*Asks:* 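One structure is given below, represented as structure tokens, and several questions about it will come after.
The shown structure was predicted, so the numbers you read here are calculated from the model rather than taken from an experiment. Reminder, nothing fancy here: chain letters follow the sequence lines and each chain counts from 1.
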There are 2 protein chains.
Amino acid sequence: MPQENGKPAGARARQRQQRIGQILAAAEQVFAEAGFGGASMSALAAAAGLPKANLHYYFGTKEALYRALLDSILDLWLSATDSIQPDADPAAALESYVRTKMLWSRTRPHASKVFANEVLHGATHLRSYMAGPLRALVREKSRVLEGWIAAGRMQPVDPPHLFFAIWAMTQTYADFSAQIAAVLERPELTPEDHATGTQTVLQLVLRGCGLACPAGPQAVPEA
Amino acid sequence: MPQENGKPAGARARQRQQRIGQILAAAEQVFAEAGFGGASMSALAAAAGLPKANLHYYFGTKEALYRALLDSILDLWLSATDSIQPDADPAAALESYVRTKMLWSRTRPHASKVFANEVLHGATHLRSYMAGPLRALVREKSRVLEGWIAAGRMQPVDPPHLFFAIWAMTQTYADFSAQIAAVLERPELTPEDHATGTQTVLQLVLRGCGLACPAGPQAVPEA
DNA sequence: ATGATTCTTGACCGTTTGGTCAGACTTCTC
DNA sequence: GAGAAGTCTGACCAAACGGTCAAGAATCAT
């Protein structure tokens, strides 16, 4: 009985996409936990529940699999809705940006760790991304902040360094979660920890820029 | 002619210490660039300018060498002068703390990266450090901050999360220097970049805590 | 149905890995 | 100066590594 299990036309392409996604998802976890050098093809295969040769069939080399994973993470990274627009309210825009970044740290910690690991070791595979879209994005958004500052809508800050600070503070809840959890005496970070973290980061960013900060611990967006 | 080259009594022990330091210094750089899994004993040996078997003579295994390196970094980390004391001025104390951390990021970036890499991958080798001295330190300093807050000397903040934020913002200038340099279009970070970063971090921390922030880019401590 | 195409996989290969070891060399003790 | 103790290192090893491949299985177009 052929195509018994709900396999209409084009099942091939769909199956392929699913397999690739399955491998990338496993790779995200393994690379996040072990780094590039520490992750072996056998470990990656085992995590994906597939024979090693199968990964080589889809991606060729370990290096290529790693680059494909980085690309998928970068897509997600850049697709983050960007609320920083010239005619937006500075406080609301920055708050939205911080909340988005914090949400991303909570829901995709492995992706954040893979990215962090790559940058930590020199960002060899991200040169074109950094010199291209990332640099352009920072330049564009920095101009927006400079406009706000010139209009007296917020205190003077060095815009690029403000971004570095926001990235660092928000991503630390993914990348350094082991340290934060250990200090807070928990096996792992809770949603409440993330909420407190969000509130703290918001306070530093908003007040640091001379803006009003919402005092209450607002509702956490759903996972 | 024995002990010709300035080798008085006890030259043995001193030579040993020097060799160990030489190996650890090389290991710091290699582990920072490649991670634990990516660093091979041959690479470590080459960086130290010694045959591979010599490293095994002093440290036994790669794992033991790595742990010894982590220990030496932790010593340095904890030895950072801590200005946060109950009777200190909050603004001055926090400023001093941030400046110390930033200085450390500039002068010992490799050490910071090794530490970051370890935490990123789960901090397996740092469990006792995190659950012990680090947790105790955060607890003690958090009480100081709570005292300041209760006395109305600074705005309310969650002290542990404030520390997480400060660690993240300052260490990012070592750990993520590749990203920052790429965005700023430089081959590597300059002292001026670190000065601007320090100023930005200080502004966020101090104003975020409702404290006055020194406006001018003060003198950078010498390397 | 049938031949072409795409997937799947166990077995295999050359290289590199972390680690060992015997023996040469240096320094210390007496 | 003789012997003990500590240091150094080239040669070597088993295991694990990333990667290959041929041959079978599944799916496709016609």
*Asks:* Once you apply a heavy-atom cut-off of 4.0 Å, does A39(B) come out as touching a base, just sugar-phosphate, or nothing?
*Replies:* sugar-phosphate

*Asks:* Rounded to the nearest Å, what distance is computed from the CG atom of residue L44(B) to the P atom of nucleotide dG18(C)?
*Replies:* 8 Å

*Asks:* Looking at the side chain of A53(B), which of dC21(D), dG18(C), dG10(D) is the nearest nucleotide?
*Replies:* dG10(D)

*Asks:* Can you measure L55(B) atom CG to dT7(D) atom P for me and round it to whole angstrom units?
*Replies:* 15 Å

*Asks:* Of the listed nucleotides (dG18(D), dG19(C), dT17(C)), which one gets closest to any side-chain atom of H56(B)?
*Replies:* dG19(C)

*Asks:* Rounding to an integer number of Å, can you tell me how far Q17(B) CD sits from dG6(D) P?
*Replies:* 15 Å

*Asks:* Is there a side-chain contact between Q199(A) and H161(B) in this structure, where contact means two heavy atoms from C-beta onward sitting under 4.5 Å apart?
*Replies:* no

*Asks:* Could you check how far CD of Q15(A) sits from P of dA25(D), rounded to whole Å?
*Replies:* 18 Å

*Asks:* Between Y66(A) (OH) and dG19(D) (P), how many Å, whole number?
*Replies:* 15 Å

*Asks:* If only side-chain N and O atoms of S40(A) are considered, is one of them under 4.0 Å from the OP1 or OP2 phosphate oxygen of dC17(D)?
*Replies:* yes

*Asks:* Does the distance from a Lys or Arg side-chain N to an Asp or Glu carboxylate O, for E185(B) and R139(A), drop under 4.0 Å?
*Replies:* yes

*Asks:* Are any of R19(A)'s side-chain N or O atoms less than 4.0 Å away from OP1 or OP2 of dC7(C)?
*Replies:* no

*Asks:* Given atom CE of M41(B) and atom P of dT20(C), what is their separation to the nearest angstrom?
*Replies:* 10 Å

*Asks:* Just N and O in the side chain of Y58(A): are any of them under 4.0 Å from OP1 or OP2 of dT6(C)?
*Replies:* no

*Asks:* For a quick test of reading the model: is some side-chain N or O of Y57(A) closer than 4.0 Å to OP1 or OP2 of dC7(C)?
*Replies:* yes

*Asks:* Is there a donor-acceptor pair closer than 3.5 Å between any side-chain N or O of R135(A) and the backbone N or O of A182(B)?
*Replies:* yes

*Asks:* Evaluate the side-chain proximity of M130(A) to V119(A): yes if any heavy-atom separation is below 4.5 Å, no if none is.
*Replies:* yes

*Asks:* Keeping D75(A) on the side-chain end and S72(A) on the backbone end, is there a donor-acceptor pair under 3.5 Å?
*Replies:* no

*Asks:* Tell me the interatomic distance from Q22(A), atom CD, to dT8(C), atom C1', rounded to whole angstroms.
*Replies:* 13 Å

*Asks:* Reckon R16(A) has a side-chain N or O less than 4.0 Å from the OP1 or OP2 of dC7(C)?
*Replies:* yes

*Asks:* Counting distance alone, no hydrogens or angles: does the base of dG19(D) have a donor or acceptor under 3.5 Å from a partner atom on the side chain of K62(A)?
*Replies:* no

*Asks:* Over how many whole Å does the gap from R14(B) atom CZ to dG6(D) atom P extend?
*Replies:* 18 Å

